[in-house]
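Below: the structure, in structure tokens.
No experiment lies behind these values; they were computed from the predicted model shown.
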Amino acid sequence: PPAEAPLATRRVVSLLLGRSPDKARAERPDARVRIHVCTHAACNAQGAEAVLADLEELGSHCGVSAIPRACMNLCGQGPNCEVEDLVESKKRQVVKSIDTFDTTLYLLRRALGGVDPRLPAEVVKLQRPRSEAARLLARDMARPSDEVVQDMLEVERLMTQVIDLESAVQAELARDPERVASLRDALMQRGRARGRCALCDAGRRRSYGNLAIEDFVAVLTAHPLFAPAQLELGRVYSFLGRLQESVEAHRRAVALSTSDTEFSAQAGFRLRSDEVKQVQRTVAKLEERIASGTKEGEDDSGHFDGSGRWRIEGITGVSWDTCIYHARAKPPSEPHPFPHDAWHVACRFGGGPAREYTPMSTAEDWEAGKLDLLVKTYPDGIVSSEFGKLLTVEEAEQDSRESYTALDDQPCWVWVSKPAITLYLPSCLESPPPASGGPVVDKVGIVVGGTGVAPALQLLREVADPDGAFAGKGQGALLCSSHTMLDVLCLDELRAIEQSAPDRIKVRHTLTAASPPKEAGETGDADDEESEEDPWESAPHLKLKGKHSHFASFYDPFEPEGGYVGKADGDAPPLYGRVNEQMLRDLLPAPGPATRIITCGPPGMQEAVKRIVLSLGHESDALIELAGTIGQTKRPMLGEEDEDEGAQEEEGKPRCLDAAPLAADARHGKRADARDAMGKDIAVDADNVQQASSNAAAAFPLKIPCLSC
């Protein structure tokens with residue numbers, strides 16, 4: 001029997017339609033006709049639950065019973081029903097498109113053999129607005145906010161009509177429990193509609209939210225043990241940013257649903273067990289937001305120093321495992337503390353550990369409330385994996401409306417610290433230069449791999465800018481090492497910088513896992529065919545559960561506006577192979593007291609570059625390695641043994657944990673297994689990020705935290 005079916009099958013309509021699960025699906029013993037209503041997802045989205053509620057309410061007056069059934073394979077034409085005559089053995093009739101209250105009346109007439117059902121006028125008068133409201137609530141909420149608000153305002157009007165009709169017979173309510181429940185559920189329905197308006201209309205969120213609170217408080221005044229009202233109250237408090245009140249309301253809902261109180265055990269007064277678990281997860285998230293320092297009414301605060309939650313307005317996939325995250329917030333109240341120096345920020349999610357990143361955007365962008373972060377995602381990364389699961393605000397708003405949860409609970413936020421210093425320019429010192437001004441540096445050579453290009457962008461912008469730290473007199477050279485042309489990051493930005501000062505900026509790229517093109521006259525049919533293939537056909541796929549859809553791929557490739565490396569006008573052809581002595585001899589500035597060499601990339605690359613740079617005559621004091629924080633754990637490189645969790649690098653030397661070196665036999669179009677042996681994200685307390693940097697500098701001069709990879 002339907003009453004004994006699993007609860008997931010006996011779909012709950014108590015909040016929307018005023019029926020308890022058991023009562024709503026129980027078979028009527030006196031029924032002459034049974035109507036099977038398809039409750040598959042497609043029909044539910046078209047109002048199948050409203051049809052069930054109509055038939056349950058109206059069918060009791062004309063000998064008709066209604067029960068749910070599985071899909072009828074008529075998707076797109078629903079809600080669909082099947083009429084079964086219980087008195088005479090006749091072929092079942094299929095009736096499609098029962099999408100209004102009037103078509104439900106037509107269905108009853110057809111089920112009764114063409115005879116109009118005799119229904120009390122007051123029953124029809126009350127059920128019609130309920131039915132229309134339920135159909136509006138069943139509509140897809142992933143629509144433009146103004147459309148959702150328009151529908152919810154209509155639900156509010158319809159439910160106000162029902163409440164007025166029920167209130168007109170107050171004398172009967174005390175004696176008729178069913179009428180009491182009817183008024184209670186009408187208030188719940190109206191409050192829920194007002195709550196959706198608060199969720200979708202930021203401009204009138206407070207007024208809609210307060211109206212919704214009034215409805216739920218009215219229900220709790222009459223029914224103090226009604227857990228669904230506490231749940232709805234907690235949701236609205238969350239929409240309004242009243243986090244502590246939201247936590248308390250959610251906890252009361254759990255307590256009422258798990259208590260042994262006789263009255264709370266009434267049908268519909270408790271939450272289902274799966275709902276209780278969901279509410280407990282919600283409480284944990286709310287407490288995490290409170291503990292992480294998220295201020296209630298944060299958007300209305302008068303002062304903002306740049307530290308706090310930033311929303312993700314957009315995500316640009318630039319590689320199969322790397323994206324640019326466009327974070328936005330209101331403009332900080334203070335000017336940027338390091339407008340012409342190299343700087344970084346620390347990012348974290350909730351109360352978890354922090355990770356340092358160098359923004360691609362400028363200090364001027366930060367002052368306007370814009371922050372663009374280049375992040376490479378590692379499946380086992382503490383922070384980078386969370387970046388890989390982020391949504392844009394637009395996507396999060398759709399999920400928020402569909403799930404009826406606050407936008408603040410959606411994964412479209414990242415906690416960002418105030419800017420912290422990386423290097424003071426032009427001296428390239430980590431600590432403030434002395435009053436005398438520090439060393440004079442006018443030539444900067446940079447060697448980076450992967451996302452190490454982010455700090456390189458900052459440095460080269462200051463070199464190229466006539467009003468920058470180098471006063472338009474500096475010279476900069478960059479060698480960027482990437483696996484293939486698909487892994488070259490920020491190519492358009494680097495081209496723009498080089499073109500802005502072509503006599504002072506030089507940028508070259510080397511591809512470590514690609515083969516140089518064949519010389520004229522060489523043959524090789526197989527290789528020719530391979531070279532004509534779409535390079536994205538052999539691109540790897542990031543294996544990360546719950547990842548977002550913005551990573552570049554064969555189906556959604558990314559190509560720089562000027563084309564791949566070496567393809568734009570003025571581009572130097574790429575080099576091939578690992579960074580070697582000849583590359584650095586040709587590109588880096590000559591040794592001297594005014595020269596600094598800065599590296600950022602995989603440990604193997606940095607060690608090789610260090611040996612070569614010293615052999616070329618540069619002093620060790622002129623070499624600046626952007627490396628990992630002291631005490632950072634690392635995963636074993638190829639051929640190494642696993643180290644205990646928390647083990648430090650050998651001799652305490654901080655290391656960059658971007659990626660392991662490629663296998664020696666890596667071939668064109670293929671990635672070595674080293675991609676799966678990448679380092680974990682830095683796990684440091686956000687409040688101590690800058691202190692950790694200072695400690696690192698004191699122990700190891702010019703060994704500073706890695707700012708991108």
- Query: Taking it one step at a time, do D215 and R194 satisfy salt bridge (charged side-chain N to carboxylate O under 4.0 Å, His left out)?
  - Reply: CA-CA 9 Å; D215 283 337; R194 288 170 167 175; 2.9 Å; yes
Would you say [X]'s side chain and [Y]'s backbone share a donor-acceptor pair under 3.5 angstrom?
X	Y	value
S384	T377	no
S417	A346	yes
R235	T405	no
S246	G234	yes
N80	L74	yes

- Return each pair, listed once, that meets ring pair (Phe, Tyr, Trp, His ring centres under 6.0 Å) where at least one residue sits in residues 392-412; pairs must be two or more places apart or across chains.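 Residue pairs with at least one partner in residues 392-412: F239-Y404.
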- Between S182 and E166, is any side-chain donor less than 3.5 angstrom from a side-chain acceptor? yes
- Can you tell me if Q278 and R281 form a side-chain donor-acceptor pair at under 3.5 Å?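 Side-chain D/A pair, Q278 to R281: present.
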- Would you check if the distance from the ring center of F226 to the ring center of F216 is below 6.0 Å?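 No; F216 has its ring centre 6.0 Å or more from that of F226.
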- Query: Hey, mind stepping through R309 and D408 against salt bridge (charged side-chain N to carboxylate O under 4.0 Å, His left out) and telling me if it holds?
  - Reply: CA-CA 10 Å; R309 292 193 312 155; D408 288 339; 3.2 Å; yes
Test: [X] and [Y] ion pair at under 4.0 Å:
X	Y	result
K285	E287	no
E84	R92	yes
E156	R190	no
R128	D102	yes

- May I have all residue pairs that pass side-chain hydrogen bond (donor to acceptor under 3.5 Å, both in side chains) and include part of residues 195-204, sequence neighbours excluded? R204-Y208
- Task: Check ring pair (Phe, Tyr, Trp, His ring centres under 6.0 Å) between F101 and all other residues, then give those that pass, not counting sequence neighbours.
- Result: none
- Message: Applying the ring pair (Phe, Tyr, Trp, His ring centres under 6.0 Å) criterion to F349, which one of W413, F387, W310, W415 satisfies it?
- Response: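 Only one of W413, F387, W310, W415 forms a ring pair (Phe, Tyr, Trp, His ring centres under 6.0 Å) with F349, namely F387.
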- Does a sphere of radius 6.0 Å around CD in E147 hold more than 12 heavy atoms from other residues, nucleotides or ligands, not counting ones at 6.0 Å or beyond? yes
